[in-house]
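Every heavy atom of this structure was used, including side-chain atoms; hydrogens, water molecules and symmetry mates were not. Chain letters run A, B, ... following the sequence lines, proteins first, then strands; residues in each count from 1.
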Protein chains: 2
Amino acid sequence: MSQGNTGVTSQVVNAQACPVREVLDRVVGKWSVPILIAAAHGPIRFTELERAIEGISRRMLTLTLRNLERDGLLKRTVHPTVPPKVEYELTPVAHELHGTLLRLTGWAERHRVTIAESRAAYDEERGLVDA
Amino acid sequence: MSQGNTGVTSQVVNAQACPVREVLDRVVGKWSVPILIAAAHGPIRFTELERAIEGISRRMLTLTLRNLERDGLLKRTVHPTVPPKVEYELTPVAHELHGTLLRLTGWAERHRVTIAESRAAYDEERGLVDA
DNA sequence: CTGGATCCATTAGGATACTG
DNA sequence: CAGTATCCTAATGGATCCAG
């Protein structure tokens, strides 16, 4: 049991995670998750996203939206009205990811206190052992 | 259906994703996922991780391991032998995350070709429409 | 073997101002 | 409303050398 990794793991992680990591880095990037979750309930407008996420800059919202659209995770629809109206919605591929993202945030919610405590304890041991 | 986001989403994303995002940024960071997956099969040594992940620098491996240990996701065991032997293994909290991480990489594997194609198509439309 | 420390290049990302 | 462009700082991360 203590040797379950020797020689096998390297191939699993190498061959699969490497091309996958590029995808994941993009999809699970800093702002991608909240955007995908916010857009999961239906088409959502630029300004709505900007307010919903709070903390995101207009610049990063634009950049992340572009990347998600480029990767085929978001569908961008421009309504040629005045003032302009642009809506973003998940593509089928992104919808498939939604459940997993909820699991991810669910896990984070359930354990965020425990994690914070662990971090505090760790810092205390190393920061001011006996001062 | 096209208005499912108005006013409701903002609270969902704000109140939940914000504290959660800090946790996620750390856990789903660039190198955390491959490390957690590689360590899921049982205790694994520093050098084994270094070879298994391939592309990670010794520095980033150390830093990410420290963060994961600090957050209580990895348990670090030092065997006082010579030469030293250090093993990392998932904590129960991290084990709870493992299934979700596999879903995540599974999704990335299934769609990475589609995503690459989408990206290429997007670039072609904008890069050299008729040149 | 398992790191820590330092230096340096790249990139992410905020602030701000401007536009169709 | 929905962006784009520019500037500038902070963080990321590789390379290298040193150490218990």
Handout entry: Any A/R76 side-chain N or O less than 4.0 Å from OP1/OP2 of D/dG3
Key = yes

Fill in the blank from the handout: Closest to the side chain of B/P84, out of C/dC1, C/dG3, D/dA2, is C/dC1

Practice task
Test for a donor-acceptor pair under 3.5 Å between the base of C/dG3 and the side chain of B/R59, counting only N and O atoms.
Solution key: no

Practice task
Quickly work out the B/E48 CD to C/dC1 P distance and round it to whole Å.
Solution key: 11 Å

Exercise for the section: Go through the steps for B/R119 and A/E22 under the test salt bridge (charged side-chain N to carboxylate O under 4.0 Å, His left out), then give the verdict. Expected result: CA-CA 13 Å; B/R119 213 174 313 180; A/E22 193 196 341; 3.4 Å; yes

Practice task
Just say parallel, tilted or perpendicular for the rings of A/H111 and A/W107, cut-offs at 30° and 60°.
Solution key: tilted

Problem - Rounded interatomic separation in angstrom, taking CG from A/D25 and P from C/dT11 - result: 14 Å

Completion exercise
On a heavy-atom basis, the closest approach of A/S118 and B/R70 is OG-O, 2.8 Å

Exercise for the section: Would you please classify the geometry between the A/H41 ring and the A/H98 ring as parallel, tilted or perpendicular, with 30° and 60° separating the classes? Expected result: perpendicular

Exercise for the section: Using only side-chain N and O atoms of A/Y88, determine if any of them is under 4.0 Å from OP1 or OP2 of D/dG3. Expected result: yes

Handout entry: Atom-pair distance (CE on A/M60; C1' on D/dC7), nearest Å
Key = 16 Å

Practice task
For B/L63 and for B/R58, find the nucleotide of DNA chain D with the closest heavy atom, then tell me which residue's nucleotide is more 5'.
Solution key: B/L63

Handout entry: Phosphate OP1/OP2 of D/dA2: any A/T47 side-chain N/O under 4.0 Å
Key = yes

